[in-house]
S.K.: 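Attaching a single structure in structure tokens format; questions to follow.
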Amino acid sequence: MPAIEDLPKNFDPAAAEKRWVPEWLSEGRYHYDPAVSRERSFSIDTPPPTVSGYLHVGHVFSYTQTDFIARYQRMRGKNVFYPMGWDDNGLPTERRVQNYFHVRCDPSLPYEPGLSEKFEPASSKTRSGPAKHVSRQNFIELCNRVTTQDEEAFKELWTRLGLSVDWRQEYATISEHSRHIAQLSFYDLFDKGHVYQSTAPMMWDTGFQTAVAQAEVEDRMIPGAMYRLAFGVKGTNDLVQVATTRPELVPACVALTAHPEDDRYAHLFGKTAVTPLFGMPVPIFSSEKVDKEKGTGLVMVCTFGDATDVEWWQEEKLPTRQAIGRSGRLQPLSFDGSLRTDAADQYSSLVELPIRKARARIVDMLREPGSAPSGTAPALIGEPETLEHAVKFYEKGEDPLEFIPTRQWFVRLLDKKNQLISQGEKLSWTPEFMGLRYKSWTENLQFDWCVSRQRYFGVAIPVWYGVDADGRIDHSKIIRADLKKLPVDPTSDAPPGYTPDQRGQPNGFVGDPDVFDTWFTSSMSPQINTGWVLNPDHHRQLFPFNVRPQAHEIIRTWAFYTVAKAMLHENSLPWENVLISGWVLDPNRKKMSKSVGNVMTPGEWIDKYGADAVRYWAASARLGVDTAFDENVLKVGKRLATKLFNAAKFVYQQPGGAGEITEELDRAFLGELAQLVERATAAYERFDYAFALSETESFFWTVFTDNYIELVKDRAKRGDATSSSAISALQLGLSVLLRLFAPVLPFITEEIWSWRLRGETGSESIHRAPWPSREDFSDVEASKNERLIEVVIAALTSVRKLKSEAKVSMIAPIEGLELVVHPDAAPVLDSVLGDVVAAARANGAKLITDSGLGPAEARATGRLVAA
RNA sequence: GGGCGAGUAGCUCAGUUGGUUAGAGCGCCUGCCUUACACGCAGGAAGUCGGGGGUUCGAGUCCCUCCUCGCCCACCA
């Protein structure tokens with residue numbers, strides 16, 4: 001231990017961080033030991049953060065909260081498996097790379113070795129020119145370059161924060177291992193019959209030109225208008241009114257429908273309607289799905305306006321008239337069977353227009369006289385009614401989703417809703433109500449999981465398709481990879497039994513051009529961590545995991561898909577506990593994000609207040625509770641670390657050796673501390689680190705430093721038989737308190753531990769020291785007076801009040817001190833009166849009883865003497 | 001439209017199964033250089049617990065209802 005005189009005047013967090021981080025890493029303090037039994041291990045399915053290149057305090061919040069639990073479990077003697085992953089796979093990375101290098105991926109270009117290394121971050125100058133186009137392979141190399149940089153930045157932040165991650169367990173969702181596991185997952189689901197391909201219309205983002213899954217869809221309120229259009233009834237001059245918000249889909253109209261009990265339209269069922277402008281004859285059928293109250297009660301069925309259109313199209317076996325193409329522009333359509341000779345002409349002016357322009361154009365056309373199916377009137381009836389309505393968007397997209405028939409791979413989930421719901425009910429959710437989010441999402445599942453994406457930077461779907469003798473791709477002829485060759489990229493590798501030059505040739509093959517939904521891979525995070533079938537022993541050791549910490553907005557994706565995968569692959573739950581963290585709100589109570597976020601980065605907060613203080617802030621919010629960012633809490637955290645430093649200095653300054661704990665006050669203090677240990681331990685067991693911290697903090701400050709230390713100060717330095725009792729109690733108290741604080745404040749506690757306890761206990765690090773328990777107090781006799789601490793604090797407070805009101809210093813001597821207490825409290829106080837007299841700087845004290853006072857109340861009188 | 005969470009001192013938050021004058025920290029006020037700490041210490045002021053009903057000897061806590069905020073899910077012709 002350093003000599004106490006040599007300790008700095010104040011705690012320097014930066015110096016401590018510089019000292020301990022390297023030691024923790026080099027000494028493997030947080031290493032997981034695969035040889036330890038499963039029962040003695042504790043596994044964490046850490047969320048892999050999206051490496052975005054931008055760090056804000058929201059990132060430190062939830063990750064630090066997980067660390068509290070990891071550190072507690074480790075001190076409980078558990079062999080903690082605490083990995084860290086990076087979610088670098090996927091669209092955010094693609095976009096970031098496009099901007100960063102001002103580059104676009106063009107899969108038709110050939111790979112240029114060495115090209116990717118030559119790229120430099122785009123300057124404002126180069127950005128103004130056209131983007132450079134590169135091959136898919138080069139683009140992926142650029143993605144890897146950027147994510148590697150970003151991961152370094154995150155890793156630096158995590159280590160500075162003191163996350164007790166075992167960095168040997170680092171993983172990335174784009175790594176070879178992760179791609180291997182994801183492709184194995186696909187084959188296993190394939191063999192079990194859980195995946196299928198389909199060309200049914202799927203939700204499609206026209207901006208990114210990819211299919212998206214229900215989980216990635218969000219509603220946004222956007223302005224629109226309701227148009228009333230006149231349709232004809234074939235063989236009559238009758239007109240019927242249809243209301244629609246999407247008039248540009250009139251050319252894609254394949255039917256009209258109304259509710260079977262709607263008297264207004266009952267006579268039309270089975271008849272044929274005629275569309276305005278294009279004169280196409282379409283059937284009119286009845287459907288329970290129609291809401292009589294909406295619009296005119298008569299619905300235009302198009303291919304495809306929304307999910308209900310898709311259902312009607314399937315049920316009624318309607319033809320497909322796909323007006324909207326993959327890029328969101330209207331595409332050519334034939335008008336065979338039209339009752340109007342000018343239908344194709346009318347439509348030709350719409351082809352190639354983007355949806356919005358097509359809508360404006362067609363509305364103009366519908367205003368023209370004669371656009372109605374019969375007579376000379378315009379088809380548009382009245383003026384459009386503007387409205388604000390909810391429209392589905394891809395969460396990362398800018399244009400409303402369209403339904404477009406494309407070939408996609410799906411995981412069958414709809415038929416397993418009930419099983420998925422019951423899996424969710426078997427999990428323990430913290431906070432409990434978050435389980436409802438999982439449930440309501442699962443109950444409302446509408447589609448199977450579309451897992452294919454028309455993107456580049458992701459895990460390739462590991463299949464090839466046969467090409468027939470005529471050069472046509474046969475998607476039913478699926479060619480799989482040799483399992484030993486995984487992971488594969490079918491766009492560059494040749495399948496088993498083929499040579500590379502057979503790609504695209506008659507009787508040859510083509511690779512699936514798509515990649516998996518990123519959730520397809522990240523839902524395998526437990527298996528990626530264990531190695532799954534590649535390392536069955538390790539898998540058995542860890543799976544199911546003890547905890548999955550994660551944010552609440554990804555319950556429907558990450559949590560849901562991970563539960564689904566574990567069920568489909570192994571008929572198991574992936575974990576026992578789900579811990580849901582809250583959000584960090586900015587001071588205006590909005591979710592903290594790049595645009596509204598705080599200007600200071602987490603690194604700067606650490607610079608200013610220290611890592612322990614930042615962690616203290618994260619510990620002040622319970623799981624699932626959103627918290628406003630408050631710099632004040634950082635200040636308080638820093639003060640706590642400083643106070644610990646100084647209190648410890650005081651304890652170790654006391655001369656003389658420790659001895660048996662013989663004094664009532666010392667025993668009572670340790671008795672209270674033992675109760676605190678029980679409360680804190682129970683709190684950590686239910687993942688309530690915030691309660692454990694606030695109880696410990698309040699005990700430390702109120703009982704330990706403000707009162708106990710003041711009471712024994714004098715006795716400790718007296719050098720008599722009672723001194724060693726005080727010193728022992730101080731040292732034991734400090735040791736226990738340090739360990740209770742260690743999960744939240746790893747730096748200051750490690751620092752103090754190293755002075756003496758490291759050598760005395762043999763625990764090289766406080767973070768490997770045993771969590772406090774009854775064992776710590778086994779040599780201490782229990783106090784006879786349960787309320788002793790309460791009473792003695794009340795007495796000391798009454799003396800302080802006397803001095804404070806007299807506006808004199810707390811060390812002002814007092815003569816003729818009289819302490820008035822409840823009769824029951826008198827003998828209690830009498831047993832420790834010497835310490836009270838000393839702390840009061842009195843020359844003695846007389847106890848007076850008054851049964852009018854409460855059992856823990858005291859009143860002091862006496863003469864203050866000028867110092 | 002259905003559901004979940006929140007609404008407690010100027011601010012940030014605790015208030016476990018209903019039980020005596022509702023708590024903490026920050027801020028504020030009044031003091032104190034006290035040999036661990038002035039990044040400290042002591043004392044103090046400050047709340048009709050979102051509104052309204054009800055149950056109860058007793059309600060911040062239970063029930064009903066309404067209001068505000070946030071979120072989840074759904075509807076989206």
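Quantities reported herein were computed from a predicted structural model and do not represent experimental measurements. Naming convention: chains lettered A, B, ... in sequence-line order (proteins, then strands); numbering from 1 in each chain. Excluded from the calculations below are hydrogen atoms, water molecules and symmetry mates; all remaining heavy atoms, backbone and side chain alike, are included.
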S.K.: Return the set of residues passing salt bridge (charged side-chain N to carboxylate O under 4.0 Å, His left out) with Glu402(A) (not counting sequence neighbours), or none when no residue passes.
M.R.: Arg246(A)

S.K.: List for me each residue that meets salt bridge (charged side-chain N to carboxylate O under 4.0 Å, His left out) alongside Arg679(A), sequence neighbours excluded, and say none if there are none.
M.R.: Glu695(A)

S.K.: What residues form a side-chain contact (heavy atoms from CB on, under 4.5 Å) with Glu805(A), not counting sequence neighbours?
M.R.: Lys801(A)

S.K.: Report all side-chain donor-acceptor pairs from residues 383-391 of chain A shorter than 3.5 Å, counting only partners two or more places apart or in another chain.
M.R.:
| residue | atom | partner | partner atom | Å |
| --- | --- | --- | --- | --- |
| Glu383(A) | OE2 | Arg367(A) | NH1 | 3.0 |

S.K.: Who are the salt bridge (charged side-chain N to carboxylate O under 4.0 Å, His left out) partners of Arg556(A), not counting sequence neighbours?
M.R.: none

S.K.: Test of understanding: with salt bridge (charged side-chain N to carboxylate O under 4.0 Å, His left out), list the residues that count as partners of Glu631(A), not counting sequence neighbours.
M.R.: Lys608(A)

S.K.: Round to the nearest Å and state the distance from Ile811(A) atom CD1 to G40(B) atom P.
M.R.: 19 Å

S.K.: Nucleotides 21-24 of chain B: which of its N/O atoms have a protein N/O under 3.5 Å away?
M.R.:
none

S.K.: Residues in side-chain contact (heavy atoms from CB on, under 4.5 Å) with Ala806(A), at least two apart?
M.R.: Val808(A), Leu864(A)

S.K.: Does Ser809(A) contact C32(B) through a side-chain donor or acceptor facing the base, at a distance under 3.5 Å?
M.R.: no

S.K.: According to salt bridge (charged side-chain N to carboxylate O under 4.0 Å, His left out), does anything in residues 294-314 of chain A pair up with another residue at least two apart or in another chain? List the pairs.
M.R.: Lys289(A)-Glu311(A)

S.K.: Set out, line by line, the N/O atom pairs under 3.5 Å between protein and nucleotides 25-31 of chain B.
M.R.:
| residue | atom | partner | partner atom | Å |
| --- | --- | --- | --- | --- |
| C26(B) | O2' | Asn632(A) | OD1 | 3.2 |
| C26(B) | O2' | Asn632(A) | ND2 | 3.1 |
| U30(B) | O2' | Lys807(A) | NZ | 3.0 |

S.K.: Counting only heavy atoms and a strict 4.0 angstrom limit, can you tell me which residues of residues 384-392 of chain A come near RNA chain B?
M.R.: His389(A), Ala390(A), Val391(A), Lys392(A)

S.K.: Give every residue pair that meets the side-chain hydrogen bond (donor to acceptor under 3.5 Å, both in side chains) criterion with at least one member in residues 698-708 of chain A, sequence neighbours excluded.
M.R.: Asp666(A)-Tyr708(A), Asn707(A)-Arg800(A)

